[in-house]
Amino acid sequence: MSNLNINPQDSAVTDLDTAFKPDCAQMRQTPVQAEAGQAPRAESPLYHADLASMAAKGPLEGGVQLQELSLLGHLVIRGSLDNPAFVDGFAQVMGFALPGKLASVEQGDASVRWIAPDEWLLVVPGNEAFELEGRLRELMAGHFSIVNVSGGQTILQLSGPDAVKVLKKSTGYDLHDRNFPVGKVVTTTFAKTQAVIRRLDAQQWELVIRRSFADYVWLWLQDASAEYGLIVRG
Amino acid sequence: MFLIYCPHCEEHREEEEFHAKGQAHIARPLDPDNCTDEEWAQFLYFRDNPRGLHHELWVHASGCRKFFNITRDTQSYEIKETYKVGEQPGVTAAKSA
């Protein structure tokens with residue numbers, strides 16, 4: 001059975017599909033085996049780098065720690081702040097409001113980042129994205145868009161006393177505390193590609209990067225953090 | 001380091017995040033079916049190339065990906081102002097003359 005249900009009434013409906021009735025095409029990105037209780041086969045964009053075994057044999061001391069938050073559910077949510085049905089629908093489902101300019105909100109497993117005046121990136125655990133998208137579609141109205149881009153990007157977390165030095169080599173954006181407080185989100189150039197940079201903590205940063213650039217960024221970060229010592233977390 | 005103010009992000013950002021997209025305020029013909037060839041050609045191909053103030057369309061390509069306008073001096077490269085699409089420039093050749 002295809003994962004793409006244009007009209008759930010017309011096709012064989014699984015248990016999960018009856019939980020809500022999307023009135024538009026919505027893609028379930030969870031492998032079918034996962035629904036049947038088997039281990040899913042899914043590869044993050046950095047699967048080939050095998051970060052888990054690098055973490056096991058790598059150095060235990062260094063100024064920079066790197067961890068991939070792989071296979072999360074990424075939803076790009078677009079709509080106008082002038083549309084109360086869009087704004088209230090989001091708040092009703094998530095329990096918090098959409099963040100303002102260059103800001104982010106994190107609550108429990110979910111986090112949302114401001115990307116543009118009419119665009120946000122919502123990240124949730126991978127197996128929740130499909131149903132959450134359905135709930136958002138149910139409660140939002142008017143002109144809006146939700147796209148599941150989970151397969152298109154991944155998240156890297158950089159932390160440690162020297163993490164900011166690695167970032168300073170990689171982007172022209174001002175990372176000083178005065179300009180980049182905890183919680184701020186900036187989409188900017190990173191190495192020779194782009195990243196959504198968010199500050200999680202005084203010494204902790206998050207990068208949302210494109211799948212096709214994941215290997216490049218991984219190689220770049222290894223090189224940039226070599227002088228401080230890179231600890232990979234599996 | 002050359003910074004450009006994005007009116008959507010409301011911040012100064014690095015020049016390399018932006019792309020120029022040509023002359024701003026080019027209105028599409030209201031009645032395209034009844035345009036002459038000359039009117040179409042003017043709309044599609046003919047652009048101003050002033051020495052001095054120029055209103056240009058730019059995009060914050062690596063940032064919020066929104067389009068906005070810049071009033072720029074083509075002689076000194078000085079950016080006089082940036083403003084959102086749909087707004088009118090505050091600095092014009094007529095005003096500064």
Go through the steps to decide whether B/R13 and A/V186 satisfy the test side-chain contact (heavy atoms from CB on, under 4.5 Å), and finish with yes or no.
CA-CA 10 Å; B/R13 294 293 188 87; A/V186 161; 3.7 Å; yes

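- For the pair B/R65/A/E119, a side-chain contact is recorded, criterion being any heavy-atom separation below 4.5 Å from C-beta on.
- Residues B/H60 and A/T187 are not in side-chain contact: their nearest non-hydrogen atoms beyond the backbone lie 4.5 Å or more apart.
- When the shell of 6.0 Å around CG of B/D31 is examined, it contains more than 12 heavy atoms from other residues, nucleotides or ligands.
- Residue-environment remark: NE2 (A/H48) exceeds the threshold of 12 foreign heavy atoms within 6.0 Å.
- Between B/E17 and A/T189, the side chains place no donor N or O within less than 3.5 Å of an acceptor N or O (distance only, hydrogens not considered).
- The environment of A/R210 atom CZ is sparse: at most 12 non-hydrogen atoms of other residues, nucleotides or ligands sit within 6.0 angstrom.
- Within a 6.0 Å radius of CZ in B/R51, no more than 12 heavy atoms belonging to other residues, nucleotides or ligands are found.
- Interface remark: A/I115 contributes backbone and side-chain atoms alike to the contact with chain B (heavy atom separation under 4.5 Å).
- The most heavy-atom pairs under 4.5 Å with chain A, out of B/H12, B/K66, B/E14, come from B/K66.
- Summarising the local packing, OH of A/Y47 is surrounded by 12 or fewer heavy atoms from other residues, nucleotides or ligands at distances under 6.0 Å.
- Considering only heavy-atom pairs separated by less than 4.5 Å from chain A, the leading option among B/C64, B/C9, B/S62, B/G63 is B/S62.
- Annotation: B/L44, atom CG; neighbour count of heavy atoms from other residues, nucleotides and ligands within 6.0 Å is above 12.
- In this structure, A/N179 and B/E11 have side chains that are in contact, with non-hydrogen atoms separated by less than 4.5 Å.
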